[in-house]
Amino acid sequence: MYSEKVMDHFQNPRNVGEIEDASGVGTVGNAKCGDIMRIYLDIDGDGIIRDCKFKTFGCGAAVATSSMATELVKGKSIEEAMKVTNKAVMEALDGLPPVKVHCSLLAEEAIHAALWDYAEKHGIKIEGLKEPKADIHEGEGQEEY
Amino acid sequence: MKGNPIYLDNAATTKTAPEVVEAMLPYFTEQYGNPSSIYALGSAAKEAVNRARKIIASTLGAQANEIYFTAGGSEADNWALVAAAEAYAPKGRHIITSKIEHHAVLHTCEYLEKRGYEVTYVDVDEHGIVKLEDLKHAIRPDTILISVMFANNEIGTIQPIKEIGALAKEHGILFHTDAVQAYAHLPIHVDEMNIDMLSASGHKFHGPKGIGFLYIRTGLKIRSFLHGGQQERGRRAGTENVPGIAGLGRAAELAFEKLGENAEKERALRDYLIEKIEKEIPHCRLNGDREQRLSNNVNYSFRFVEGESLLIMLDMKGICASSGSACTSGSLDPSHVLLAIGLPHETAHGSLRMTVSAENTMEEMDRTAEAIKETVGRLREMSPLYEDFIKKEKL
């Protein structure tokens, strides 16, 4: 069902984790649909993404696209990171099954959300960046056990 | 992956027993005649079909002429519902079923709804047991059929079939039960339980795939489902799947010889695995009822992790399990059964079903629990939901 690259990124995900005092953090997705992605960016004074980490709750494709997206933006300028589209992520993974294409969209959205957070914090505007959709994963019907 | 896989998906399908394969082989190679032919080769095939029919009837307390062979459980469910709905339409067009039926029943009900029938989907409680009071209240003068599964395929809950049968009889309503997960696993008596129709499938009890049956009580006005020849007393046309039927009969024979013994073995494996998981892994819950439960079923939700990731990682460790129903895996929605017992979506996404057989070992249960612990731990480290949870805990 998954390409070798997807399986590789699922089994050995790159850049899993958190960045303390990150320049920007973006969380997208919805637990109802079974996917939540969070991306942390460390951006230096020259606007270069020095580090990028992720945490994901989701299927194999969700983990793999997060992993690939972090690889694609690491070391890039903000402008270059804006060009990492869902299509680019999918191509880098040698494709995804049709029902999993939304995972790659989520990865693109997660990067954009983290960049938006960065831009807000620094009072700057990033060309072509739109405000991310409201994050709706918090505590809907959570139960404790 | 090293060695043989640990197979924990017996509710999806089972390994065909070697005795079953042996019972089938002659009907491919030597006794290949058509049961409808009059020469000896045909009669030998016919005899095999009749023998299997008698075996199956005897396991249910039924008559041989009340057993109709089908291509499996889904066909039996489709037939029972559609044909009963058509035959009893003059009396009414209302059907009662439950929210946790297999899709073979639920989607057939939707089909009937589009054709002018009304269907009430009765709720289940948090353990997945049909609410009898709700079922009682759903009965109307125009109710013609109640269809409730004997035991659920995902969470293993055994339904109060005898009580439902009594209720149906009291109100003069037909009662169908999808017994695909229960037949040859639990004792069933169609008269004592007032069952009018019952569906079963061979490959769920070490029989072959592609063969099952529908029990139809004598006297029911059920029309033919497949039109054509006079096979199955004119109710189900098509040359009989003789090897399949022979295998089905043999599988039933084997299962009923060891019904209690196998259930006992499975129960020990099941309870051991449940105990291990409960002890080793925090933030999880057992789905389904602890007592009214199939002897082979373990179903857990692990908070903060997603089921498909869990399945792939377990597969890499050589463990075959499922998340929700195998039929659900093509869709992105979490299982309707887990939602019906009240699980929040994210918890339903993190469910894992393991269904044992008497062939599994305690050592396999140890390895499985260890693998789940490792995998769930790894996925939680990756999960933003877990991160949020831990941060909240620290506050």
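Basis for what follows: all heavy atoms, side chains included, without hydrogens, waters or symmetry-related copies. Residue numbers begin at 1 in each chain, while the letters A, B, ... track the order of the sequences.
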Checklist entry - For B/Glu278, does the CD atom have more than 12 heavy-atom neighbours from other residues, nucleotides or ligands under 6.0 Å away? => result yes
Next on the checklist: Taking B/Glu387 first and then A/Arg38, would you say they form a salt bridge - that is, a charged N and a carboxylate O separated by under 4.0 Å?
Outcome noted: yes
Next on the checklist: In the structure I gave you, are the side-chain heavy atoms of A/Met7 and B/Met316 within less than 4.5 Å of one another anywhere?
Outcome noted: yes
Checklist entry - Would the number of heavy atoms belonging to other residues, nucleotides or ligands and lying under 6.0 Å from NZ of B/Lys391 be above 12? => result yes
Item to check | Atom group of A/Glu18 that falls short of 4.5 Å from chain B, counting heavy atoms | outcome: side chain
Next on the checklist: Tell me if the CD atom of A/Gln11 is crowded by more than 12 foreign heavy atoms within 6.0 Å.
Outcome noted: yes
Item to check | Interatomic spacing from CD1 in A/Ile36 to CG in B/Asp388 - rounded to 0.5 Å | outcome: 8.0 Å
Checklist entry - Are A/Phe10 and B/Met313 close enough that some pair of their side-chain heavy atoms sits under 4.5 Å apart? => result yes
Item to check | Interchain contact, B/Arg380 with chain A, by part (heavy-atom threshold 4.5 Å) | outcome: neither
Checklist entry - Would a 4.5 Å heavy-atom cut-off, applied to side chains only, mark A/Ser67 and B/Met382 as touching? => result no
Next on the checklist: Looking at B/Glu306 and A/Gly34, would you say the former's side chain and the latter's main chain have a donor-acceptor pair under 3.5 Å?
Outcome noted: no
Item to check | B/Lys131, NZ atom: more than 12 neighbouring heavy atoms under 6.0 Å | outcome: yes
Checklist entry - Do the side chain of B/Ser309 and the main chain of A/Gly58 share a donor and acceptor less than 3.5 angstrom apart? => result yes
Checklist entry - Is the number of heavy atoms from other residues, nucleotides or ligands within 6.0 Å of CD (A/Glu79) greater than 12? => result no
Checklist entry - Counting heavy atoms not belonging to A/Lys121, are there more than 12 under 6.0 Å from its NZ? => result yes
Next on the checklist: Show the nearest heavy-atom pair for residues B/Phe304 and A/Phe57, with the distance to one decimal.
Outcome noted: O-CD1, 3.2 Å
Checklist entry - Do B/Ile312 and A/Tyr2 have side chains that get closer than 4.5 Å, going by heavy atoms? => result yes
Checklist entry - What are the two closest heavy atoms between A/Pro13 and B/Arg378, and how far apart are they? => result CD-NH2, 3.7 Å
